[in-house]
Amino acid sequence: MKLDNKKIFQTLNPNKVWVPVIIGLAIVFGMFFFDPSVNANSLKGIFDASIPWVIVAVLFILIRDAGYVFRIREITGKQLTWTRAIYVIILWEFASAVTPSVVGGTAVAMFILNKEGIKLGRAIAYVMVTAILDNLFFVIGAPIILFFAQGNIFPSSKVLESQLENSLQAIFWISYALYASYSLVMALALFYRPRVFKWLLIKLFSIKFLSKWKHDADEYGNQIIEASKELAGKNLRWWLPLVGATLLIWCSRYFMLNALISAFVPLSIEQNIIVFARQVIMWIVMMISPTPGSSGTAEFFFGQFFTQFLEGYTFITSILWRLLSYYPYLILGAVFLPRWIKQVFFKKKKKQSSKDAE
């Protein structure tokens, strides 16, 4: 079983950094010129930010990334050193940032783990487990968050009403049903009947208009079977740190924006819950975005969801939010990728040449 290295390196391309940057800048300039509330005076509002709250927002980002690094070390049985785990996470985040959110960077993550010395079957299993855990946070957490938000989770916005014709709730629940179904199917495939899953997959793609993807379906079925073997017999002590790290990762991701908004306007406990809850909706919207890293989509919807709290500070907060939570991974990826390629490919070749010479 092999990953398509050519496609992987097409994704792991530092030149792709410019695509989301250009899209994001275009949206920002569009908002600046077409939104009358955005002007030079509103931009000066950035100096009103509370520095302690901005520091708290940055700390939440660092906690989230530390959670990712800890989780990937735990899931691989500490086969990765802390340094190698950091490389894996940075490149994984970079891949997610330069690909459409609906595509994600799972194939790239499998490739990176494999090149770090983890067998492909295990790499596939580990990436699938992280995907399931992330989805389960949403599937289990969304109803709880909706309950605490007390019906205030969907924003009242004239733009959203005119563009989506009051269908935002329908989009959310359809997306929720799809994520829940996907998580259930994948869990059953990995932990219960992987061969039955493969058989059903092949039967499905034997249908005439789907038959051209039958080979890919067969490969995917084989990956599921191999991943299932790797995960067999994992006990509660293996799972608990992963579940805890996943909770830490996603709560930190969302609390970061709560802290950033608090840097400009004070939020009550109830408002904090609503801001946190609305990020769940935004996450779903961003996940179905066709642009790399949801560039443009994130900036647009931010205003629709959080103007209620930020008012005149909405534009500068949205820029700060993306500058802190998205663009650093583009820069870090572009810096770390050449080093990683040199370390993984060229150093290994030198070592192999030395062994051959001996």
Side-chain angles (χ1 to χ4, degrees), residues 20-21 24-25 27-28 31 38 42-71 86 89-90 92-94 96-97 101 134 137-138 141 145 148-149 153 155 244-283 285-287 293-333:
V21 169
L25 286 174
I27 294 294
V28 167
M31 291 166 68
V38 178
S42 65
L43 292 177
K44 291 178 183 177
I46 194 168
F47 297 107
D48 296 335
S50 167
I51 299 302
W53 275 115
V54 173
I55 292 171
V56 170
V58 173
L59 284 175
F60 275 124
I61 294 173
L62 295 175
I63 291 169
R64 187 198 76 163
D65 291 342
Y68 274 129
V69 172
F70 172 81
R71 186 172 72 172
I86 290 169
I89 294 304
I90 287 174
W92 193 338
E93 288 290 297
F94 173 74
S96 299
S101 298
D134 289 339
F137 174 87
F138 170 73
I145 293 164
F148 283 107
I153 190 169
T246 302
L247 287 171
L248 180 71
I249 288 163
W250 285 97
C251 288
S252 299
R253 178 192 291 270
Y254 291 155
F255 280 134
M256 175 267 175
L257 181 55
N258 283 63
L260 200 58
I261 291 175
S262 296
F264 293 96
V265 294
L267 293 176
S268 65
I269 294 175
E270 182 185 355
Q271 287 174 326
N272 268 296
I273 292 170
I274 293 169
V275 169
F276 189 96
R278 287 188 179 179
Q279 290 181 75
V280 177
I281 305 296
M282 263 197 67
W283 181 68
V285 174
M286 289 165 65
M287 284 299 290
S294 301
S295 294
T297 306
E299 288 84 353
F300 170 77
F301 277 99
F302 182 94
Q304 310 310 316
F305 276 82
F306 301 111
T307 297
Q308 172 187 342
F309 306 101
L310 287 161
E311 296 183 350
Y313 293 113
T314 303
F315 181 71
I316 55 173
T317 307
S318 69
I319 294 174
L320 271 177
W321 173 57
R322 292 295 271 177
L323 283 175
L324 290 174
S325 64
Y326 175 66
Y327 290 106
Y329 299 104
L330 291 175
I331 298 167
L332 287 171

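The analysis underlying the following values was restricted to heavy atoms, covering all of them including side chains, and did not include hydrogens, waters or symmetry mates. Predicted, not measured: the structure shown is a model, and the values here were computed from it. The first residue of the sequence shown is numbered 1, and numbering continues consecutively from there.
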Can you list everything that forms a ring pair (Phe, Tyr, Trp, His ring centres under 6.0 Å) with Phe70? Sequence neighbours excluded, please. none
Between the CG atom in Asn258 and the SG atom in Cys251, the distance rounded to the nearest 0.5 Å is 10.5 Å
Here the gap from Ile46 atom CD1 to Phe315 atom CZ, rounded to the nearest 0.5 Å, amounts to 10.5 Å
By side-chain contact (heavy atoms from CB on, under 4.5 Å), which residues pair with Val69, not counting sequence neighbours? Trp82, Ala85, Ile86, Ile89
Least distance between heavy atoms, Ala245 atom then Gly67 atom: CB-O, 4.1 Å
Can you run down the salt bridge (charged side-chain N to carboxylate O under 4.0 Å, His left out) pairs that involve residues 303-324, sequence neighbours left out, and say none if there aren't any? Glu299-Arg322
Would you list the pairs meeting side-chain hydrogen bond (donor to acceptor under 3.5 Å, both in side chains) in which at least one residue belongs to residues 54-67, sequence neighbours left out? Arg64-Glu93, Arg64-Tyr329, Asp65-Tyr329
Smallest heavy-atom separation, Pro328 atom then Leu323 atom, equals CD-O, 2.9 Å
Rounded to the nearest 0.5 Å, what separates atom CD1 in Ile319 from atom OG1 in Thr314? 11.0 Å
Using the ring pair (Phe, Tyr, Trp, His ring centres under 6.0 Å) criterion, which residues pair with Phe60? Sequence neighbours excluded. Phe255
Salt bridge (charged side-chain N to carboxylate O under 4.0 Å, His left out) pairs, two or more places apart, involving residues 247-267: none
Under the side chain to side chain donor-acceptor pair (under 3.5 Å) test, residues paired with Asp134 that sit two or more places apart: Arg71, Trp250
Determine, step by step, whether Phe264 and Ile316 satisfy the side chain to side chain contact (heavy atoms under 4.5 Å, CB included) criterion, reporting the C-alpha distance in whole Å, the side-chain angles of both residues, the deciding distance to 0.1 Å, and the verdict. CA-CA 10 Å; Phe264 293 96; Ile316 55 173; 3.7 Å; yes
Mind listing the closest non-hydrogen atom pair of Asn272 and Ser262 along with its distance? OD1-OG, 4.4 Å
Listed by chain and number, what are the ring pair (Phe, Tyr, Trp, His ring centres under 6.0 Å) partners of Phe309, not counting sequence neighbours? none
Find the distance between CG (Leu332) and CZ (Phe94) and round it off to the nearest 0.5 Å. 10.5 Å
Please list, chain by chain and in numerical order, all residues satisfying side-chain contact (heavy atoms from CB on, under 4.5 Å) with Leu324, sequence neighbours excluded. Val58, Ile61, Met256, Leu260
Between CD1 of Ile261 and CZ of Phe306, what distance do you get to the nearest 0.5 Å? 5.5 Å
Supply the atom-to-atom distance Phe302 CZ to Arg278 CZ, rounded to the nearest 0.5 angstrom. 11.5 Å
Residues that Trp53 engages under ring pair (Phe, Tyr, Trp, His ring centres under 6.0 Å), provided they are two or more places apart: none
